[in-house]
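Numbering of ligands and ligand atoms starts at 1, following listing order. Just so you know, these numbers use all the heavy atoms, side chains as well, and skip hydrogens, waters and symmetry mates.
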Amino acid sequence: MSEVYLAVYSIADLCLAPIETIITLFIIKYCKSSINIKLIATKQDLTERAYIINLSNFAYEIINVNEIPYYASLCELPNIIINKNSCVAGLCTVLRQIVKDVSAEQSMHYCNKLLGFKGSCLMACSEASIWTKFCEVDLILTLKSLDKKDLDRPELPISLARFECHMSQPVKLHNLYKYTMCKKFAALNIAKQDETGLLEHTYAEGTFITLADIIIFVCMHILLNTFSNETILKLVPLTVKWYNRMLTDEFIIKCLNYLPLLKSHNLNMLEYTFPAVVNESLYKSDPKRYKPRNCVYTKQEDIEHSLELVEDINISMKLDAEPFGTEINLDWSDVPFDATPEGGSLPPARLQRKQEQLQNLCKPVLKLAKAGDVIVDFCSGSGHLGILIAYLLPGCTIILLENKEESLNRAKKRVQRLKLSNIKFCQCNLDYFKGDFDIGTSLHACGLATDLVIQCCIRKNAIFVSCPCCYGSLQDCHQLTYPRSDIFKKRISNKEYSFLSHAADQTHEELNIKTKQGYRCMTIVDTDRKLFAEQFGYKVYFAKLVPETCTLKNHLLVGIPKDKLANDNV
Ligand SMILES: *[C@@H]1O[C@H](CO)[C@@H](O)[C@H](O)[C@H]1NC(C)=O
Ligand SMILES: *[C@@H]1O[C@H](CO)[C@@H](O)[C@H](O)[C@H]1NC(C)=O
Ligand SMILES: *[C@@H]1O[C@H](CO)[C@@H](O)[C@H](O)[C@H]1NC(C)=O
Ligand SMILES: *[C@@H]1O[C@H](CO)[C@@H](O)[C@H](O)[C@H]1NC(C)=O
C-alpha cells in the first residue's frame with residue numbers, strides 16, 4: 001500500500017498547512033483514495049501564506065519531523081512512498097499517482113478520465129511544459145505569496161490574469177480527429193465550436209475535466225473568494241464562468257466542505273486592475289522546447305562572432321590527456337548479465353559503445369567512492385549506470401533518480417532479478433530531490449539537466465561525474481542561466497552563448513566541416529561548466545571518453561570538492 005507524506009503546520013481538526021498539502025488532500029477526497037496519509041508536523045515558514053483544511057473526516061497518522069523514514073526524507077513534500085523503496089515527488093506527479101492508484105483498483109472509477117487523453121495530463125515536467133509549470137510552480141507561488149501584494153498598486157495576481165487569457169483562447173489539441181474518435185471520450189460532450197471551427201474551453205484543457213482543473217479549482221476557489229465580487233466578475237468573467245461550471249460537479253461540492261476559507265480583509269478592495277500579461281494559451285507546444293531542426297538556422301556569422309568573443313577571454317580550453325580514473329580496472333566478465341547493458345535489453349548494435357560509455361563513468365566512481373557513500377545516478381533512465389555501480393559497490397547506497405515512470409519500472413525489474421538491496425528509486429524531477437549524497441553521476445543528461453545535476457552536487461558538496469548531451473537545448477530556466485561561469489558571463493551574452501551551444505550539436509557527420517566547429521563549441525560549453533564549478537573551489541578534470549568514438553557527445557567532467565581532495569588517490 002502506498003503512503004503519502006504531507007507537511008502540516010498545526011495538528012487540529014482545522015489544520016494549517018502549505019497549499020500543496022491542501023491540494024493533495026482535496027484530491028484524495030475527490031477521488032475517494034484510500035492511500036495512507038502521513039502528516040509531518042513541520043515548522044511553519046512564515047514567509048509563505050498557509051491555508052486551512054478540515055481534517056475531521058480524514059484518516060491519518062502524525063509523524064514527528066525527526067521520525068520521517070529515510071525514503072520520504074529524500075524528496076520534497078508532498079511525496080508518495082511505494083513499497084518502501086520508491087519515492088514519487090513533485091506536486092503534479094504525486095497527484096497523478098493518486099489518481100492512477102484509484103484507477104488501477106477500479107477500472108470504472110469516475111477519476112479515470114482525470115488523466116486525460118492518453119493519460120498524459122501534466123505528465124511533462126515543468127522545465128518542458130508551460131502548462132505543468134503554471135499548475136505546479138507559478139500558481140502555487142501566487143498562493144504562497146498572496147499576502148505580499150503591493151497594496152499601493154492593486155493588481156489581480158498574474159496567475160489569475162494568465163488563466164483568464166488562457167480560457168479566452170481556442171482549445172489546443174494535437175490531433176483533434178483522433179481525440180474525438182477515441183471511444184473513451186466519445187460519450188462526453190464534445191465541441192462547442194465557434195464560427196471559425198475552433199473549440200472553446202469548457203474546462204482548462206478542453207472539453208472535459210482533468211486533473212489540471214482540480215488543481216486550478218482549489219487555487220481559484222481561494223483566489224476568487226479573496227477578491228470582491230465586483231472586481232472578479234468584471235475582470236475575469238471566463239474564470240468565473242469556469243469556476244461556476246466546476247461547482248456543478250457533485251464531488252467538488254462535497255470536497256469544498258473540507259476547505260474553509262481564511263478571510264483576508266486587506267485584499268478585499270474594490271479597485272483592482274488587470275495586470276499586463278501575454279494573452280495566450282498556456283496549453284501548447286512550448287516555443288522554448290528543444291527542436292534540433294531549429295538549430296540549422298543559426299547563422300554561421302553569429303557563431304563566428306561568438307567564437308571570437310571566447311578567443312578574447314584568453315583562458316585555457318585544453319582537455320586533460322586522459323579521463324579521470326581511466327587506470328581503474330573493470331572486468332565485464334565479473335559483472336552478472338542483469339547488470340550489463342545487455343541485461344538492460346539494449347539493442348545489440350549499441351551494446352559495445354554503451355559498455356564503453358558506462359565504464360568511463362563508472363571508473364571515476366570506483367576510484368573516489370568510500371564505503372557508506374550515497375551515490376545518486378541522475379536521469380538514470382532504466383538504470384544502466386546506477387545498477388552497474390550498485391553491483392560493483394555493495395557497501396554504498398545508490399539512488400536512481402528519473403522522472404519517467406516507465407524507465408524506472410524497467411530498472412526495478414532488473415534490480416529485483418539481481419536481488420540488490422542497496423538501491424532506492426526516486427521518481428521525480430531533480431529539483432524535488434533533497435537528500436544528502438556524496439557522489440552524483442549523469443550519463444547523457446539532456447541539455448540543462450547536466451547543469452542542474454552539477455548545481456545540485458555543488459550545493460551538497462558532492463563529487464560529480466558527468467557526461468553531457470544535447471548542447472543545443474541549453475536555455476535558461478527558473479533555476480539557472482547561461483553562460484554558467486562568472487568569467488564567461490562578463491564577456492559573452494546569453495544570446496551570443498546560445499549560438500555556440502547550438503553549433504555544439506552539429507557533430508553528426510565526421511566529414512562535415514561543421515563537425516570540427518561543433519567540437520570546438522562543445523569544448524567551450526564544457527569549459528564554462530568547469531569554470532563554474534571551480535568558482536566553488538572544485539578541482540575539475542575534463543577529458544574525452546576512451547575510446548573517443550564510443551559516443552558523439554564524448555566529454556567527461558569529474559568535479560571534486562576542495563575538502564575531498566585530501567584523499568590520497570586524487
Ligand atoms: C469539520 O468537518 C466536520 C465534519 O464534516 C464538521 O462537523 C465540523 O463542524 C467541521 N469543523 C469546522 C470548524 O468547520
Ligand atoms: C459575492 O458572492 C457571494 C456568493 O455568490 C455572495 O454570497 C455575496 O453576497 C456576494 N458579495 C457581494 C458584495 O456581492
Ligand atoms: C485575449 O484574446 C482574446 C481573443 O484571442 C480576446 O477575446 C480576449 O478578450 C483577450 N483577453 C484580454 C484580457 O485581452
Ligand atoms: C593570455 O594569458 C596569458 C597567461 O595567462 C598571458 O601571458 C597573455 O599575455 C594573455 N594574452 C592576452 C592577449 O591577454
Answer side chain, backbone, both or neither: which part of Leu14 comes under 4.0 Å from ligand 1, heavy atoms only.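 Side chain only.
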Please check: side-chain N/O of [X] versus main-chain N/O of [Y], any donor-acceptor pairing under 3.5 Å?
{"X": "Ser10", "Y": "Cys15", "value": "no"}
{"X": "Thr42", "Y": "Ile40", "value": "yes"}
{"X": "Lys489", "Y": "Pro483", "value": "yes"}

For Tyr243 and His221, does a side-chain donor sit closer than 3.5 Å to a side-chain acceptor?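 Yes, side-chain donor-acceptor contact under 3.5 Å.
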Could you verify whether a donor N or O on one side chain and an acceptor N or O on the other, from Asp138 and Ser159, lie under 3.5 Å apart?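 No pair is found: no donor N or O on one side chain lies under 3.5 Å from an acceptor on the other.
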Could you tell me the residue and atom name of the protein heavy atom closest to [atom], and the distance to it rounded to 0.1 Å?
{"atom": "atom 10 (C) of ligand 1", "result": "Asn54 ND2, 2.4 Å"}
{"atom": "atom 9 (O) of ligand 3", "result": "Asn279 ND2, 4.8 Å"}
{"atom": "atom 4 (C) of ligand 3", "result": "Gln169 NE2, 4.2 Å"}

Can you list the atoms of ligand 1 that are under 4.0 Å from a heavy atom of Ser56?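 Listed by number with element, the hits are 1 (C), 2 (O), 3 (C), 4 (C).
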Considering the heavy atoms of Asn57, write down every atom of ligand 1 situated less than 4.0 Å from one of them.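 Checking each atom against Asn57, I get 4 (C), 5 (O).
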Atoms in ligand 3 flagged as close to Phe274, the criterion being non-hydrogen separation under 4.0 Å: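 Result: 13 (C).
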Does Lys434 have more than 12 heavy atoms from other residues, nucleotides or ligands lying within 6.0 Å of its NZ?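 Buried by this count: over 12 neighbours within 6.0 Å.
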Could you tell me whether Glu164 approaches ligand 3 through its side chain, its backbone, both or neither, with non-hydrogen atoms closer than 4.0 Å?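 For Glu164, there is no contact with ligand 3 at all, from either part.
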Distance below 4.0 Å between atom 7 (O) of ligand 1 and any protein heavy atom?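 So far as the 4.0 Å threshold goes, atom 7 (O) of ligand 1 is out of reach of every protein heavy atom.
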Just one of Phe425, Phe378, Phe437, Phe433 clears the side-chain contact (heavy atoms from CB on, under 4.5 Å) bar with Ile399, so which one?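 Of the listed options, the one satisfying the test is Phe433.
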